Amino acid sequence: MAEVEEAVAVCFVVRIDDESLGSFNSCDGLGIEFTIEQREEGGNNGMVWQLPTRIKYSNVKLSRPVTKDSDKIIKWIAGMAAGISRKTAIIEARTLRGTVIASWALSGVVPVRWSGPQLSADSPKVATETLELAHHGFLTSAR
């Protein structure tokens, strides 16, 4: 019987236009919301039409401990100072052995926010960073 790999212990490897940003241990916000408009039809009291109008894509938040790959994010964001250009991002969920479990391709990606670690001698926590990305939707093939 073949062994089934599940996304139990995973990391998320992120590439922006084939430039790796490294791996993250948290990915939040991969989602789609369909905005529904309700219309009542005259003379038909038995139902209300539910009409989809727009598709909204939520921002994706990626978090990880600060590593040597943290510099790649800063370089990418600093490159936006000359002008913002939308990119394609690939997010791959991988097992700890590196096997790709699932992947998502995001179209029209721009950075929304980067927050670095809070450094304090009073608090011996792991230094983490968070990158938030906005996008225009999912591409059909992530590979």
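If you're wondering where the values come from, they're calculated on a predicted model, not measured in any experiment. FYI, side chains are in, hydrogens and waters are out, and symmetry mates aren't considered; it's all heavy atoms of this structure.
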Using every non-hydrogen atom in the two residues, find where Ser107 and Leu139 come nearest and quote the distance to one decimal.
CB-CD2, 3.7 Å
More than 12 heavy atoms of other groups within 6.0 Å of [X] [atom1]:
{"X": "Glu40", "atom1": "CD", "answer": "no"}
{"X": "Leu51", "atom1": "CG", "answer": "yes"}
{"X": "Lys61", "atom1": "NZ", "answer": "no"}

Below 4.5 Å, heavy atoms only, C-beta onward: do [X] and [Y] meet side chain to side chain?
{"X": "Val126", "Y": "Pro65", "result": "yes"}
{"X": "Arg64", "Y": "Asp69", "result": "yes"}
{"X": "Pro52", "Y": "Ile36", "result": "yes"}

Rounded distance [0.5 Å steps], [atom1] in [X] versus [atom2] in [Y]:
{"X": "Asn59", "Y": "Leu106", "atom1": "CG", "atom2": "CG", "result": "10.5 Å"}
{"X": "His135", "Y": "Arg86", "atom1": "NE2", "atom2": "CZ", "result": "10.5 Å"}
{"X": "Ser58", "Y": "Ile32", "atom1": "OG", "atom2": "CD1", "result": "8.5 Å"}

Given side-chain contact (heavy atoms from CB on, under 4.5 Å), test Glu92 with Arg15 step by step and report yes or no.
CA-CA 9 Å; Glu92 294 178 335; Arg15 292 190 323 265; 3.3 Å; yes
Indicate the ring-plane relationship of Phe138 and Tyr57, choosing parallel, tilted or perpendicular according to the 30° and 60° boundaries.
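Geometry flag for Tyr57 against Phe138: perpendicular rings.
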side-chain contact (heavy atoms from CB on, under 4.5 Å) evaluation trace for Leu131 with Leu21
CA-CA 10 Å; Leu131 175 64; Leu21 293 183; 4.0 Å; yes
Assigning hydrophobic clusters by single linkage (Ile, Leu, Val, Met, Phe, Trp, Tyr; side-chain heavy-atom cutoff under 4.5 Å), is Ile77 placed with Ile16?
yes
Hphob cluster co-occupancy, Val66 + Val14, side-chain heavy atoms under 4.5 angstrom:
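Cluster IDs for Val66 and Val14 differ.
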Residues Glu37, Thr53; criterion side-chain hydrogen bond (donor to acceptor under 3.5 Å, both in side chains); working and verdict
CA-CA 6 Å; Glu37 186 176 297; Thr53 58; 5.1 Å; no
